[in-house]
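Data block below; observations after.
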There are 2 protein chains.
Amino acid sequence: MFNFRANINILGLLTGISGLAMLLALPFSLYYQSGDFQAILFSGLGIMVVGGLVWFLSRTKGNQELKKRDGYLIVTAGWLVMSFVGAIPYVASGAIPSYTDAFFETMSGFTTTGASILGQTIEDLPAGLHFWRAMTHWIGGMGIIVLTIAILPLLGIGGMQLYAAEVPGPTPDKLTPRVKETAKRLWIIYVALTLAEALLLMLGGMNLFESLCHAMATLSTGGFSTRQASVGAFSPYIQYVITIFMFLAGTNFALTYFALRGKPLRLWNNEEFRFFLYVSLGLIAVVTLGVYVQEDMGLEASFRAAAFQVMSIVTTTGFGTADYTAWGPFLMILFFVLMFSGACAGSTSGGMKLVRFLVLLKNSYLELKRQIHPKAIMPVRFNGKAIPQDVVSKILAFFLIFVSIFVVGSFVMTLMGLDFMTAIGSVAATLGNIGPGIGGVGPGDAQNFAAIPNAGKWFLSFLMLLGRLELFTVLMLLTPFFWLKS
Amino acid sequence: MFNFRANINILGLLTGISGLAMLLALPFSLYYQSGDFQAILFSGLGIMVVGGLVWFLSRTKGNQELKKRDGYLIVTAGWLVMSFVGAIPYVASGAIPSYTDAFFETMSGFTTTGASILGQTIEDLPAGLHFWRAMTHWIGGMGIIVLTIAILPLLGIGGMQLYAAEVPGPTPDKLTPRVKETAKRLWIIYVALTLAEALLLMLGGMNLFESLCHAMATLSTGGFSTRQASVGAFSPYIQYVITIFMFLAGTNFALTYFALRGKPLRLWNNEEFRFFLYVSLGLIAVVTLGVYVQEDMGLEASFRAAAFQVMSIVTTTGFGTADYTAWGPFLMILFFVLMFSGACAGSTSGGMKLVRFLVLLKNSYLELKRQIHPKAIMPVRFNGKAIPQDVVSKILAFFLIFVSIFVVGSFVMTLMGLDFMTAIGSVAATLGNIGPGIGGVGPGDAQNFAAIPNAGKWFLSFLMLLGRLELFTVLMLLTPFFWLKS
């Protein structure tokens, strides 16, 4: 039923790629003499060799076909294996002595979450490891692009079919060369945008190393920064550049592809993108007003802080320029609720994705109408097409399960001794792949995930994976029927 | 399109009944010489006369037929009108000088919520008004019984159809005499249980007046008490009696009817009732353990406090014997989440109702299974029957709208200057028809709704109505298409 050999083959390949990618951090380690050269070199080579061997030995000219269940298995296993091996250089260098902490940090990287156990000590992390940390984000983002174009539409998870229509080329029905071609095109956009941001950051006076780190963390909507004060440590120009690129990272990459290929109308005609734009502008206006009234800042500074924070949370990046949890209860609840939203499907952002909210909003209104006219057929329309009611049901179920996991997760965290705010904040921030939450794991100066008990760190790592892989992909593996023949 | 004349006729009748019911408080006012005799007498008579006149003048031998839209209109308008007139004696007597406060207290009564603006001064309220306050609960409970057997199944709101099958006699399709017969039977159960509880409370040494007040507040799952310390002011025996009657009040009255008519298996064969029983027992076990470990109480006292508090919140009664929000973050989140549950459909409890959670739980599990077998048809089964997927969709939409109103409501309350906990606590407690919430409106000694700004009190009153009438009934009236021809 499963093609285990093919699964292992792919896992070997992913492991090898992880090792190879680590080596890209070496130039920065060398240049900054940061003392992590040996740790990264030997970890990278070792992992590359082991992964390469597994890959080589499990090659086959026989059955290469991957079935649906293999798809679920390989996605979850891939993220897990990469996080397990990706944690090694942190421990090997002694920079993060605890493997639990290192695993948490790496899973937070690959899931583009950006939650960190590094607090006040973040600027002591050696340069090479900083670069690797940013790369885990960036690689994770690439993984998400493949996942959303090739695998999720195929699996039909909670409305991701709606997104499939936007993928360049015909809707994929198998992991065929055509999908590889599509992935390559989107990756080019991803790489190009990353380089463009890095260049613009350098024009603002940031050095190459930090520019690359922040650009990788932006395009993947990850949010790891090299600084304790996050993006607050940099100039207004840099904050504006990052704000704009967060918006781009929250946009469906397939639409950006068409826009850059001379079809900007495809972007504009997409309902989710328009919703993203309107919601962003509306929120920025409200938050600017709130900050301007409450905090002792000028209008420009209020607007900049508001725009940055709204984009950071809606796109689930999690960069910070200010402690927005100190902006009074209204803005705190607002940002907390936004942690559940996410930006467009087909972007690297986490959360529930705006397309789902859009469909659910329309369906709720129609549900009232259906009460009055129970016999009339009133399908939800999205991008001008009627959505089958079973897709709407799937999206509703997704919402319910997301909320349920949030609630159950909060219980688990209070059982580990966390207070109410820290418990709900840590769960919302990891499940939604944001990064910093509220309470003890908020964006404030002395706040990070270091103080969470070890069991809690493993649990939150699991939530990051769950959120990143759109819940069903992982939950499936926990059901008996997944492993049984029928 | 609307039969306004018939609507006004019914509203006149309801007003007249409210006035008549007020007069029932007079004996207690007289006996205790509580000084509210005149206020209650003149309010009651005045309201009765006005209501009676409206009813008499709008009588017609012509078209008596009520259509669906009339059903929506009359239910919301009925609760509103009764609350508007029911507030009069509080103001007239000077006991609650502010009409806003009096309206809040009355709406809280008729919606069986039990949220109160009376704090430390609760025991100063004259006896007659205390009795009227408890009666608003009890009349509200009667209203809910009619609503759930006659109107909601007909309107098909968010899964209430599932409940219709349990109503004695054939499924009602019109407000026919048969429905009146059914309502009468259920009311007899309701009255009998109220009297039985009052009797048992008197056997425990409570006086007639307080026994009746507490029995009316229990069976309606309202939760107003005559004491500042709520049920904590009484003996363990009394607390146990009230715990058991809260469970009965949370049980589908139609099932209780069958059980008392010699068909106890109808009760046992009902999935929602079994779920209610298991959930209650499981929660009591967990909370007993939690309280026993954390608080310095004996096992019996822990069990008693746990059982009381679990039944109080799950059935949305809102009585208290202890400040459970001081029992640590785990139990606080647990009780907060339980505020959304409610007990059985067809009981007087508020919240979302267990039947909905049961269906959603089953559907979530099936949704995972459907991912693997997308072509297989796997309906949710409830009480042995397959539920049409559109009913499941309605329940999902209900859940989504409930959560959305909670979130938006919390925003509104923070805008009125409330802190985070008080904002979410006040909204959850009123929307779920509980009574006390968490934060500044929690069950603690100095906590009540008095300090909420006036605009907030009107808004929370609206939420009570919304929650009590299963959302759709009220929301419908806010849509343009409800009032338009098509």
Side-chain angles (χ1 to χ4, degrees), chain A residues 68-69 72 155-158 328-334 336-337 340 360-361 363-374 389-390 392-401 403-404 407-408 410-411 413-415 417-424 438 472-473 475-476 478-479 481-482 486, chain B residues 68-69 72 155-158 328-334 336-337 340 360-361 363-374 389-390 392-401 403-404 407-408 410-411 413-415 417-424 438 472-473 475-476 478-479 481-482 486:
Chain A
K68 212 165 174 178
R69 295 188 197 207
Y72 288 108
L155 301 181
I157 284 172
F330 174 76
L331 291 180
M332 197 182 84
I333 299 197
L334 181 68
F336 183 69
V337 170
F340 293 82
L360 293 184
L361 268 176
N363 185 61
S364 297
Y365 184 74
L366 284 176
E367 204 59 74
L368 289 171
K369 239 179 169 163
R370 289 184 194 121
Q371 292 287 341
I372 296 273
H373 307 286
Q389 196 58 28
D390 71 301
V392 175
S393 282
K394 273 183 200 308
I395 297 177
L396 281 160
F398 183 91
F399 175 84
L400 176 82
I401 294 176
V403 171
S404 306
V407 170
V408 173
S410 300
F411 280 128
M413 294 313 289
T414 55
L415 280 181
L418 270 63
D419 65 86
F420 180 78
M421 296 291 254
T422 309
I424 65 172
I438 58 171
F472 286 86
T473 328
L475 289 179
M476 194 68 74
L478 305 177
T479 62
F481 57 76
F482 180 81
S486 76
Chain B
K68 213 164 172 178
R69 295 189 197 207
Y72 288 108
L155 301 181
I157 285 172
F330 174 76
L331 291 180
M332 196 182 84
I333 299 196
L334 181 67
F336 184 68
V337 170
F340 292 83
L360 294 183
L361 268 176
N363 185 61
S364 297
Y365 184 75
L366 285 177
E367 204 59 76
L368 289 171
K369 243 183 167 160
R370 290 184 193 122
Q371 291 287 338
I372 296 275
H373 308 287
Q389 196 58 26
D390 71 302
V392 175
S393 282
K394 272 184 200 308
I395 297 176
L396 281 160
F398 183 91
F399 175 83
L400 176 82
I401 293 176
V403 171
S404 306
V407 170
V408 173
S410 300
F411 281 129
M413 294 312 289
T414 56
L415 281 181
L418 270 63
D419 65 85
F420 180 78
M421 297 291 253
T422 308
I424 65 173
I438 58 171
F472 286 88
T473 327
L475 289 179
M476 194 69 73
L478 306 176
T479 62
F481 57 77
F482 180 82
S486 77

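Below, chain A is the first sequence line, B the second, and so on; all start at residue 1.
- For chain B, the nearby part of A/I401 is the side chain; its heavy atoms alone come within less than 4.5 Å.
- B/F340 is linked by a ring-ring contact (aromatic ring centres under 6.0 Å, His included) to B/F336, B/F406, counting only residues two or more places apart in sequence or in another chain.
- Of all heavy-atom pairs spanning B/F482 and B/R69, the tightest one is O-NH1, 2.8 Å.
- Proximity to chain B is limited to the side chain of A/V403, based on heavy atoms less than 4.5 angstrom apart.
- Your options are B/G417, B/A423, B/S410, B/S364, and the one with the most heavy-atom pairs under 4.5 Å with chain A is B/S364.
- Between B/F399 and A/L400 the shortest side-chain heavy-atom distance falls below 4.5 Å.
- Looking at A/S393, both its backbone and its side chain come within 4.5 Å of chain B, counting heavy atoms on both sides.
- Proximity to chain B (any heavy atom under 4.5 Å) is shown, for A/L331, by neither the backbone nor the side chain.
- Between chain B and the options A/V407, A/I424, A/L396, A/L368, heavy-atom pairs under 4.5 Å are most frequent for A/L368.
- With rounding to the nearest 0.5 angstrom, the CD atom of A/Q371 is 12.0 Å from the CG atom of A/L366.
- Taking the side chain as every heavy atom from C-beta outward, A/F472 and B/E367 approach each other to under 4.5 Å.
- For A/F420 against B/I333, the heavy-atom pair with the smallest separation is CD1-CG1, 3.3 Å.
- Contacts with chain A were tallied for B/V337, B/L415, B/L418, B/T479; B/L415 has the most, counting heavy-atom pairs under 4.5 Å.
- Heavy atoms closer than 4.5 Å to chain B are found in the side chain of A/M332, but not in its backbone.
- Close placement of the A/F481 and B/Y365 rings is indicated, their centers lying within 6.0 Å of each other.
- Only the side chain of A/M421 comes within contact range of chain B, with at least one heavy atom under 4.5 Å from a heavy atom of that chain.
- Only the side chain of A/N363 has a heavy atom closer than 4.5 Å to any heavy atom of chain B.
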